[in-house]
Amino acid sequence: MGILSRASYVIRSKVNALLNRAEDPTESLDYSYEQMRDELQDVKQGIADLTTQKKRLEIQKRKLEENVEKHNRQAREAVQQDRDDLARKALEKKKSKMSQIEELEGQIADLNDTQDQLVEKKNKLQNRIEEFRTKKETMKARYEAAEASSRVSEAMTGVGDEMSDVSRSIERAEERTEEMEARAEAMDELEDSGAFEDALSDKDDIDRELEGLSTNSEVDAELETLKGELGKGEPANGNGGATDEEIDAELEDIESEMNADDLEADLDGDAETNLDEELDVELEESESEADEKRN
């Protein structure tokens, strides 16, 4: 196969593939049906033309038959008048007309045969068209049902062109959402760890650490003050004082007594004044003992 032949074959195959993809079976069936109807119309038109031609020949035959009768009368009149010459001429014309009539009869017979054949073909074609129309409608219904089923299946499975775009959009949205969620969690984690500084604050790590130490110092000072008020502070000379464990234990005992006193006060409202007085006495004794230790 030469280069030109191969090129021609490739081009034809490509064009054929494009036509197959662009072809709509329902449109092709409708077009074929219209073509068959056009053919039927042409056959009917041919039958009409043939019948017209036959009618013309029949009219011409009738005229010739009338001329034959005329020439026959002329021949008789000529014989009656002893004009054999005129009678001969009339008979000669009569014979010529009769020959023409025979020829027309043959043509008319041929036209009748042709007309009968065309009518038979027309009837067959018309029946075939009716059968094709029924089959066409059936095929169109089947194709439309199959096409609808295919579209539904593509929509359900997401393999269609449009549905694949929708599926891909959903996938991209999910990926973007997961990415933003991960980024938000990462930012929160970095912010909690202090890796990111507050954009509205000019403090650095050292400032924040110093603030923490200052807060701890304030808490320690307030704790020492409370211990001093309760007489649980360490002596000034540093000897004979209570340890931190003892102070914590005493604080817990005092808190337990205070909680018990609060519970009893809730149960009996009349004893509230006595409990307050006893607590004040205990606090005064504790302060006195603390002052004596300091002195």
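The basis for the numbers below is simple: all heavy atoms, side chains too, and nothing from hydrogens, waters or symmetry mates. Values in this document were obtained by computation on a predicted structure and should not be read as measured data. Residues take their numbers from the sequence shown, with the count starting at 1.
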Distance-only check: which donor-acceptor pairs under 3.5 Å involve side-chain atoms of residues 74-90, not counting sequence neighbours?
{"residue": "Gln74", "atom": "OE1", "partner": "His71", "partner atom": "ND1", "Å": "3.3"}
{"residue": "Arg83", "atom": "NE", "partner": "Asp85", "partner atom": "OD1", "Å": "3.2"}
{"residue": "Arg83", "atom": "NH2", "partner": "Asp85", "partner atom": "OD2", "Å": "3.3"}

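The structure places NZ of Lys63 at 7.0 Å from CD1 of Ile59, a figure rounded to the nearest 0.5 Å. Distance check: Lys94 NZ to Arg73 CZ gives 11.0 Å after rounding to the nearest 0.5 Å. In this structure, Arg176 CZ and Glu179 CD are separated by 5.0 Å, a value rounded to the nearest 0.5 Å. From Glu92, atom CD reaches atom OG of Ser96 across 9.5 Å, with rounding to the nearest 0.5 Å. In this structure, CD on Gln126 lies 10.0 Å from CZ on Arg37, to the nearest 0.5 angstrom. Here CZ of Arg133 is found 16.0 Å from CZ of Arg128. Values are rounded to the nearest 0.5 Å.
Ionic pairing of Glu120 and Lys124 is present here: one or more N-O contacts between side-chain nitrogen and carboxylate oxygen are shorter than 4.0 angstrom. Between Glu58 and Lys61, no side-chain nitrogen of the basic residue sits less than 4.0 Å from a carboxylate oxygen of the acidic one, so the salt-bridge criterion is not met.
Although no hydrogens or angles enter the test, the distance criterion places no donor-acceptor pair under 3.5 Å between the side chain of Ser149 and the main chain of Ala145.
Under the 4.5 angstrom side-chain criterion for Ile, Leu, Val, Met, Phe, Trp and Tyr, the cluster partners of Ile108 are Leu29, Tyr33, Met36, Leu40, Val43, Ile47, Leu50, Leu57, Leu64, Val68, Met98, Ile101, Leu104, Leu111, Leu118, Val119, Leu125, Ile129, Phe132, Met139. The hydrophobic cluster containing Tyr31, built from Ile/Leu/Val/Met/Phe/Trp/Tyr side-chain heavy atoms closer than 4.5 Å, comprises no other residue.
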Subject >> side-chain contact (heavy atoms from CB on, under 4.5 Å) assessment of Lys93 paired with Asn67 >> reply: CA-CA 9 Å; Lys93 289 182 178 180; Asn67 290 330; over 6 Å; no
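Partner of Lys54 under the side-chain hydrogen bond (donor to acceptor under 3.5 Å, both in side chains) criterion, out of Asp49, Asp110, Asn112: Asn112 alone.
Here the side chains of Arg56 and Thr52 are in contact, with some heavy-atom distance below 4.5 Å.
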